[in-house]
Amino acid sequence: MKKKITVLPGDGIGREIAYGAMDVLQAIGQRFGHEFEMETAEIGGAAIDQEGTPLPEATVALCKQSDAVLLGAVGGPKWDHHPSGVRPEQGLLGIRKALGLFANLRPITAYESLIDASPLKKELVNSVDFMIVRELTGGLYFGKPSERRGENQEIVVDTLYYERHEIERIVEKAFEIAMARRKKLTSVDKANVLESSRMWREIVKEKAALYPEVKVEHILVDAAAMKIIHQPKDFDVIVTENLFGDILSDEASMITGSLGMLPSASLRADGFGLYEPIHGSAPDIAGQDKANPLAMILSAAMMLKYSFGLDAEARIVEQAVNEVLNAGYRTQDIQSDQGNTVVGTKMMTRLVVDRLEENHATSGILTCYL
Ligand code: IPM
Ligand code: MG
């Protein structure tokens with residue numbers, strides 16, 4: 001198989017982890033005879049520095065010509081008060097919108113070897129496995145107007161805007177995902193307060209008639225936040241509005257022990273996708289070889305599965321990550337006891353790549369990857 005991948009490293013730790021994921025893809029390509037042609041482009045703060053805009057046209061064009069996109073992370077305090085008023089995050093929101101990536105899949109999987117890294121009780125988190133399906137190109141993130149008003153700019157407005165078809169397509173996607181899993185769908189809204197949520201609930205009920213095998217429940221977002229901590233095993237697929245999904249997925253990451261473990265896929269109806277970890281650019285640890293590369297590597301695995309249909313290859317990457325964790329290797333964010341070996345970003349990546357290469361020598365002496 002021959003595929004063209006655009007890699008957008010972005011800012012902060014995004015740069016360290018994105019290059020590592022490219023090595024992972026290269027190793028998979030070599031092992032299975034696939035040709036992954038990878039080209040990098042700038043987005044976010046790095047693009048502001050180089051071109052004055054967080055989303056250069058050339059970046060969008062390159063993504064559109066490729067079969068899939070891999071993204072590190074964007075943002076950092078350096079660009080908080082840029083004279084032009086632009087923010088790195090506009091690049092990320094812009095590329096999601098420009099590519100029509102409305103369905104954001106965020107799997108929440110508890111790794112057995114990381115159970116102790118979770119701040120939650122073992123019996124609550126072991127074997128948790130659910131999927132948050134977050135609407136990604138509408139809602140509060142994209143509603144107009146979004147501005148300050150009044151003579152002294154004392155009034156501020158953000159708008160939660162949805163068109164019916166935008167809710168329909170994400171709900172349909174979530175039902176399809178539920179059909180391929182344990183056939184349970186939890187729709188999360190705030191229907192006791194928001195009109196948009198009442199329409200959301202109405203649409204979920206309509207679509208439910210087309211998927212009679214799927215058990216559907218509706219939960220208010222505040223209650224859902226509680227249940228994610230209280231009974232996380234009760235979830236299979238959660239579908240929700242853009243901002244609710246953003247918040248709930250960070251919360252849910254604590255089940256796995258670290259935000260550094262969570263991958264995501266942002267998909268269009270035709271399967272085209274952008275793959276990125278759900279964590280941010282972590283400027284406090286950027287450039288120090290401390291970042292956990294596993295969310296990024298697992299995002300690359302999601303790309304193999306969802307955009308290229310390479311399920312076996314994706315599973316092998318996931319297995320390699322599992323093996324490395326089972327062997328006791330940890331980055332600092334998932335360190336839980338003294339028996340673990342704490343390694344840096346490069347070494348963690350190398351350990352995974354080693355296991356992907358056919359003749360890996362896992363028990364040999366590890367040389368640090370430069
Ligand atoms: C995420 C991030 C982004 C979002 C930020 C960086 C704009 O938090 O992907 O979850 O809010 O969508
Ligand atoms: Mg977020």
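Computed over heavy atoms, backbone and side chain alike; hydrogens, waters and symmetry mates excluded. In listed order, ligands and their atoms are each counted from 1.
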Asker: In terms of residue, atom name and distance, what is the protein heavy atom nearest to atom 6 (C) of ligand 1?
Answerer: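 The answer is L92 CD2, 3.9 Å.
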Asker: Assess the side chains of S266 and R96: does a donor N or O sit below 3.5 Å from an acceptor N or O?
Answerer: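 There is no such pair between these side chains.
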Asker: Relative to the Mg ion (ligand 2), which of the N, O or S atoms in D246 is the closest?
Answerer: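 Nearest N/O/S atom: OD1.
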Asker: Starting from atom 1 (C) of ligand 1, what is the nearest protein heavy atom, named by residue and atom, and what distance separates them?
Answerer: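 Looking only at protein heavy atoms, the one closest to atom 1 (C) of ligand 1 is R106 NH2, 3.3 Å.
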Asker: Starting from atom 2 (C) of ligand 1, find the nearest protein heavy-atom neighbour and note its residue, name and distance.
Answerer: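 Ranking protein heavy atoms by distance from atom 2 (C) of ligand 1, first comes D246 OD1, 3.9 Å.
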Asker: Show the atoms of ligand 1 that are less than 4.0 angstrom away from any heavy atom in R134.
Answerer: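 What qualifies from ligand 1 is 1 (C), 4 (C), 9 (O), 10 (O), 11 (O), 12 (O).
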Asker: Are R134 and Y141 in a cation-pi contact, defined as NZ or CZ under 6.0 Å from the six-membered ring centre and within 45° of the axis?
Answerer: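 Output yes; distance and angle both within limits.
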Asker: Answer yes or no on whether K97 is positioned over the face of F142, meaning its NZ or CZ is under 6.0 Å from the six-membered ring centre and within 45° of the axis.
Answerer: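 Yes.
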Asker: Just to confirm my output: which protein heavy-atom neighbour is closest to atom 4 (C) of ligand 1, and how far is it?
Answerer: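 The closest one turns out to be Y141 OH, 3.5 Å.
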Asker: Atom 9 (O) of ligand 1: which of R96, E276, H279, E89 has the nearest heavy atom?
Answerer: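 Checking each option, the heavy atom nearest atom 9 (O) of ligand 1 is found in R96.
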Asker: With the 4.5 Å side-chain cut-off for hydrophobic clustering, are V188 and M199 part of the same group?
Answerer: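 In one cluster: yes.
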Asker: Using modelled atom types only, decide if a donor and an acceptor are shared between the side chain of K184 and the backbone of D234 within a distance under 3.5 Å.
Answerer: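 Checking the backbone N and O of D234 against the side chain of K184, a donor-acceptor pair under 3.5 Å is found.
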Asker: Decide whether a cation-pi geometry holds between K190 and F244; the criteria are a distance under 6.0 Å from NZ or CZ to the six-membered ring centre and an angle within 45° of the ring axis.
Answerer: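 Output no; distance or angle outside limits.
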